[in-house]
A.B. asks: 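Sharing a structure here in C-alpha cells format.
By convention here, the first residue in the shown sequence is residue 1.
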Amino acid sequence: KSCLRLADAVEGLGGSCDLGTCAAKLGKKTSGSFHALIGATAKFGFITRKQGTLYTTDMYNKMKLSYTDYERKGFLQKFFLNAPSFQEIYSKYKSVKLPVEILDKALVKEFGVDKKIAQRVSKYFIDGAKETGLLNSDNTFNDIDSFEKINSDMETEGSLNTISKTSKSLVEGEDYSGSDSFVV
C-alpha cells in the first residue's frame with residue numbers, strides 16, 4: 001500500500017518528480033526510511049529512479065487505465081510478484097495451501113531469509129498477497145496466468161478494439177445522429 005501511495009504521488013506530480021517534491025507530497029522527510037520506500041517501490045516496478053528523479057513506469061500507467069477492478073488486481077499481482085523473494089514463495093506454494101502458521105520458519109529454512117526479519121517478511125507477503133487478490137481466504141492462490149489470458153483476449157478481440165474503432169470514427173467526424181448507439 002505504501003509503495004502504491006508513493007507511485008500515485010509521483011503520478012499526481014505529472015509522472016515524474018524529484019525526491020524532495022515527492023516526500024513533501026507524502027508528508028515525509030527524505031530520510032533513510034523514505035529512500036527504502038523508494039527502493040521497494042522501484043523493486044515492485046511502480047516507478048524508476050534516474051539521477052534523483054522518480055518516474056512512473058509504463059506498466060503502472062497501464063494499470064491506472066484499467067477498465068475493471070479485475071484487470072487492476074491482475075496488474076497489482078504482477079507488481080507484487082516482481083519482488084524476487086515473493087516470486088519464489090509464490091512459485092513454491094502456488095499449487096498447495098500456503099502454510100501461514102509456519103511461513104516465517106519456512107522462510108528461514110527454505111528461502112534463506114534472516115531469522116531476525118522472517119516474521120516481518122512473512123507478514124508483508126501474506127498481507128500483500130491478500131491485498132492484491134492473489135491469496136484467497138482459504139490460503140490458496142489464484143492463478144495469475146488466467147488474468148494474463150483474459151487480459152490478452154480483451155486486447156486482441158474485445159473492448160479495446162471497439163473503443164479504438166469508435167475513437168477513430170469520432171476523430172474522423174463520423175455522424176452518429178439518428179443512431180441507437182451512444183458514444184461517450
A.B. asks: Within a reach of under 6.0 Å around CD of Glu88, are more than 12 heavy atoms found that belong to other residues, nucleotides or ligands?
C.D. replies: yes
A.B. asks: Determine yes or no for a side-chain-to-main-chain donor-acceptor pair under 3.5 angstrom, with Asn136 supplying the side chain and Asn139 the backbone.
C.D. replies: no
A.B. asks: Would you tell me whether Asp18 and Thr53 have side-chain atoms, one donor and one acceptor, within less than 3.5 Å of each other?
C.D. replies: no
A.B. asks: If you measure from CG on Leu37 to OG on Ser31, what distance do you get to the nearest 0.5 Å?
C.D. replies: 9.5 Å
A.B. asks: Do Val96 and Val100 sit in one hydrophobic cluster, given that two such residues count as connected whenever their side-chain heavy atoms are within less than 4.5 Å of each other, even indirectly?
C.D. replies: yes
A.B. asks: Taking the side chain as everything from C-beta on, heavy atoms only, tell me whether His35 gets closer than 4.5 Å to Arg49.
C.D. replies: yes
A.B. asks: Does some side-chain heavy atom of Ser16 sit less than 4.5 Å from a side-chain heavy atom of Leu54?
C.D. replies: no
A.B. asks: So, taking the atom named OG1 in Thr48 and the one named NZ in Lys50, what distance separates them when rounded to the nearest 0.5 Å?
C.D. replies: 5.0 Å
A.B. asks: Quick one: does Lys73's side chain have a donor or acceptor within less than 3.5 Å of a partner on Glu131's backbone?
C.D. replies: yes
A.B. asks: With side chains defined as the heavy atoms from C-beta onward, is the minimum distance between Ile38 and Thr41 less than 4.5 Å?
C.D. replies: no
A.B. asks: Can you list the steps and then say if Tyr55 with Ile47 is a side chain to side chain contact (heavy atoms under 4.5 Å, CB included)?
C.D. replies: CA-CA 5 Å; Tyr55 302 90; Ile47 63 167; over 6 Å; no
A.B. asks: Tell me, do Cys22 and Leu6 make a side-chain contact under 4.5 Å, heavy atoms counted?
C.D. replies: yes
A.B. asks: With the 4.5 Å side-chain cut-off for hydrophobic clustering, are Val108 and Ile126 part of the same group?
C.D. replies: no
A.B. asks: Keeping Thr132 on the side-chain end and Gly128 on the backbone end, is there a donor-acceptor pair under 3.5 Å?
C.D. replies: yes
A.B. asks: Is the ring centre of Tyr124 less than 6.0 Å from the ring centre of Phe86?
C.D. replies: no
A.B. asks: If you define the side chain from C-beta out and look only at heavy atoms, does anything of Ile89 sit under 4.5 Å from Leu107?
C.D. replies: yes
A.B. asks: Measure the CZ-CG distance between Phe79 and Leu4 for me, rounded to the nearest 0.5 Å.
C.D. replies: 8.5 Å
A.B. asks: Within a strict 4.5 Å, meaning less than it, do heavy atoms of the Asn82 and Met59 side chains meet?
C.D. replies: yes
A.B. asks: Calculate, to the nearest 0.5 Å, the distance between atoms NZ and CG belonging to Lys123 and Asp104 respectively.
C.D. replies: 13.0 Å
A.B. asks: Determine the minimum heavy-atom distance between Leu134 and Gln77, stating which atoms define it.
C.D. replies: N-NE2, 3.6 Å
A.B. asks: Check for a donor-acceptor pair, side chain of Thr57 on one end and backbone N or O of Gly45 on the other, with a separation under 3.5 Å.
C.D. replies: yes
A.B. asks: Got Tyr60 and Phe75 here, is their nearest side-chain heavy-atom distance under 4.5 Å?
C.D. replies: no
A.B. asks: How long is the gap from OG1 on Thr56 to NZ on Lys62, to the nearest 0.5 Å?
C.D. replies: 13.0 Å
A.B. asks: Please report the C-alpha distance between Val10 and Phe46 in whole Å, then the side-chain angles of each, then the deciding distance to 0.1 Å, and finally whether the side chain to side chain contact (heavy atoms under 4.5 Å, CB included) criterion is met.
C.D. replies: CA-CA 10 Å; Val10 173; Phe46 292 114; over 6 Å; no
A.B. asks: Between Ser122 (side chain only) and Ala118 (backbone N and O only), is there a donor and an acceptor less than 3.5 Å apart?
C.D. replies: no
A.B. asks: If you measure from the Lys or Arg side-chain nitrogens to the Asp or Glu carboxylate oxygens, is any gap between Asp8 and Lys64 under 4.0 Å?
C.D. replies: yes
A.B. asks: Over all heavy atoms of both residues, which pair between Asn142 and Gly133 is shortest? Give the atoms and the distance, please.
C.D. replies: ND2-O, 2.5 Å
A.B. asks: Under 4.5 Å between side-chain heavy atoms, counting indirect links through other Ile/Leu/Val/Met/Phe/Trp/Tyr residues: same cluster for Leu13 and Leu26 or not?
C.D. replies: no
A.B. asks: What is the distance from atom CZ of Arg72 to atom OG of Ser66, rounded to the nearest 0.5 Å?
C.D. replies: 7.5 Å
A.B. asks: So if you build clusters from Ile, Leu, Val, Met, Phe, Trp, Tyr with side-chain heavy-atom gaps below 4.5 Å, do Ile102 and Phe111 land together?
C.D. replies: no
A.B. asks: Under 6.0 Å from the CG atom of Asp58, do we count more than 12 heavy atoms belonging to anything else shown?
C.D. replies: no
A.B. asks: Does the side chain of Lys28 come within less than 4.5 Å of Ser33's, by heavy atoms?
C.D. replies: no
A.B. asks: Are the aromatic ring centres of Phe141 and Tyr93 under 6.0 angstrom apart?
C.D. replies: no
